[in-house]
Amino acid sequence: MRDNVFNKKVFIKSVKENLMTQYRKDLSTASNQEIFQAVCISVKDVIMDEWLATQQTFAREQPKTVYYLSMEFLMGRALGNILLNLSAYDEVAEALQELGLDINAIEDEEPDPALGNGGLGRLAACFLDSLATLGYAACGCGIRYRYGMFKQQIIDGFQIEVPDNWLEHGYPFELRRPEYRYEVKFGGHVEQEVDENGKLSFVQKDYRSVWAIPHDMPIVGYKNNLIDTLIIWDAEAKEVFSLDSFDKGDYQKAVEEEMLARNLVDVLYPNDNHVAGKELRLKQQYFFVSASIQRAIERFKQKNDNLMDMPKKIVFQMNDTHPTVAVAELMRILLDDEHLEWDEAWEITTHCVAYTNHTIMAEALEKWPIEIFERLLPRVYQIIDEINRRFVLEVQARYPGNDEKIRKMAILYDGQVRMAHLAIVAGYSINGVAKLHTEILKKQELRDFYEMFPDKFNNKTNGITQRRFLGHGNRLLAKWVTDKVGDKWYTDLSVLKELTDYADNPKAQEEFMEIKHKNKVRLAKYIKEHNGIDVDTNSIFDVQVKRLHEYKRQLLNILHVMYLYNVIKENPDVDIYPRTFIFGAKAAAGYETAKKTIKLINNVAEVINNDSSINGKIKVVFIEDYKVSNAEMIFAAADVSEQISTASKEASGTGNMKFMLNGAITLGTLDGANVEMYDEVGADNIFIFGMSADEVIEHEKRHDYNPIDYYNNDPQIKKVLNQLIDGTYSANDRELFRTLYNALLHDKEADKYFILADFRSYAKAQQKVNRYYQDKNSWAKSAILNVANAGKFSSDRTIQEYVDDIWHLDKVKIDNTGA
Ligand SMILES: *Cc1c(COP(=O)(O)O)cnc(C)c1O
């Protein structure tokens, strides 16, 4: 079915018709945006048939379904990815070419649906792609933020946040489904009622409520005719506010519900690995969780009459603690609406809910004040209180007289609801996202829980979809790989191993480096257009792109650049191969240190890029507005991948995997999934530096780290740090970077992330990179071996592990002859 629709002639005809019916235009007068919309309508026609066929198959076969609950889905653009997965990309590109259009220009008309911050949201998007491709019934559940992740502008070196109005032109791939709406209630109070049988029931009164309206997005499997669904929920007022209400006497209620619906899904909180603790955020969490669970249960009941069978058909995977209120909401519905007994409801809940932990950092742990919780979700809070009461009894039974255990493990403590504890107590599976991370959870952060529930804990090392990050993002390398090992890698990335045979082959090496160069030219063009900076495409492209966070240590990177610049100034003949240091990062709007770091990078760039005395040996570029669409291009062009987080702090990382798949060599610490990348690629093909996770954790326990020692004992470090406050990079305002200087040397937790401790080791590893690149064959060999050993890091592998160990989903085959 997919084949003939994308027959070039048929497709061109369809696009022309759409232009005519939508805009009364032809190709000569239509804008690229209009052509983009027309192309999408043609593609949507194909999708609709397959989507319906998939849903009919699911309804008939009743496969077990995973509901992936996530506050974030960082989808990136859909059109190119959908065409690729429909195996229609080349045909459509050719068809557009015949019309004198460049498919890249048409793709550029699509806004990035940026309904996520960074790694966590992108993981959810990669997982959906893999679930559909592997043939599993899956439903992503999230929020249709009217404004996604802000757009970043760099003005005078500072980050400026601009609203991302991604729905401005309408989003062609979403389907609004008001007929499947659900009511979600907030506030009020709970009344106990006794029915004629003397049974107690709990009723929420005087609440304010909104409609949750689902919008479906298609998740197209790769060449398998299967289309899963991402539901993003929009909020709507129950009745359009009218002055009539004034007479009815519920004016106040109508106004409040109108306001609630209007604000609820307005914006995505722009914090990555950091809680904002805002009441509206808790409302968002409950809103999408309640609607998603109502939907899952209603679907289940259409075909099943015994709720005790729910665990055979449904699993809710909670992406971090953000959707953890799901535990109590599921209990509430089973108790209050379905009238089950507590033990029955608990039996179902604890076999339907699983939790993924994404971080061990204290500032990211969600704890809600009981006061807010109780006021906003009175019945849900009662249930959490009861779950806690029973759990505390369990702990007391196991550790009699040990109050310390209760203090450490209770769900409710010190006036707060500890969401991670609720997720662990109720979830039947608790997973970390890389081997090292899971070990740290078991041995340190969640040690008490591991002792109590050892069988719940497991590891699922993250992954990425090769379809987007190689197949779509790096078409040249994708073709090269296919020429060498066939196209099976699209659905089985482990076949990349066969590239090992080519690593030593000089011709293959040359081809590989030629492709890398072409990708560097493509990125250089983007940089010229967006930053106005000329970069040397023969220089080493050394890239750090990811959210800006102190633990990710962009500051270490830029301090090292400042150090290198000093070295070159002191010795102009020093052996340094030309290098372009490329950064891309958004900082949370309220995160001052992160924003200062962006300003520092830009000021260093300004000084270095304009110093003709260094002959362009090093350049610094800050790419504005890092997002999925430009990320795809950046990974393809990278020689060096900077993965330099303080060991133990990066749970997994997934950017690291995207670089590896594109043949960049990692310069990194033994943190997160870097550890497993090292195991896969071998010590000769990765540059490792810095303290180990154990060493970091040991220092943190002993409180014995003093960065001043490094400052006093290393004149080059001292010089670089002094340059933060002597006007070298802020001639007009010497105090501009004082906060960064103090954070490294004088603040309470000075150099919390061990930048100075790791500096020398990092500089040394950088020197190794400098030497190694000049041995072109060795470099090419290592780069090819990185691609060859990236197979493990496919999200297909990750998802299959979730299915085997946690979800136990049924594989579905979609028959494409019927539809
Ligand atoms: C992969 C990805 C991330 C995560 O990168 P890390 O280096 O793992 O933090 C963040 N943002 C975008 C746009 C990505 O594609």
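Every number for a ligand or one of its atoms is a count from 1 in the order of the listing. If you're wondering where the values come from, they're calculated on a predicted model, not measured in any experiment.
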Distances under 3.5 Å, N/O of ligand 1 against N/O of the protein: list each pair and its distance.
| unit_1 | atom_1 | unit_2 | atom_2 | d |
| --- | --- | --- | --- | --- |
| ligand 1 | 7 (O) | K546 | NZ | 2.7 |
| ligand 1 | 8 (O) | T654 | N | 2.8 |
| ligand 1 | 8 (O) | G655 | N | 3.0 |
| ligand 1 | 9 (O) | K552 | NZ | 2.7 |
| ligand 1 | 15 (O) | K658 | NZ | 2.7 |

Legend entry - Within 6.0 Å of OH in Y678, more than 12 heavy atoms from elsewhere: no

Legend entry - For K518, salt bridge (Lys or Arg N to Asp or Glu O under 4.0 Å) partners two or more places apart: none

Inset, instruction - Check for a donor-acceptor pair, side chain of Q544 on one end and backbone N or O of K552 on the other, with a separation under 3.5 Å. - result: yes

Inset, instruction - State yes or no: are the ring centers of F635 and F659 separated by less than 6.0 Å? - result: yes

Inset, instruction - Please name all residues satisfying side-chain contact (heavy atoms from CB on, under 4.5 Å) with E695, sequence neighbours left out, ordered by chain then number. - result: M691, S692

Legend entry - Contacts of K764 that satisfy side-chain hydrogen bond (donor to acceptor under 3.5 Å, both in side chains) - sequence neighbours left out: none

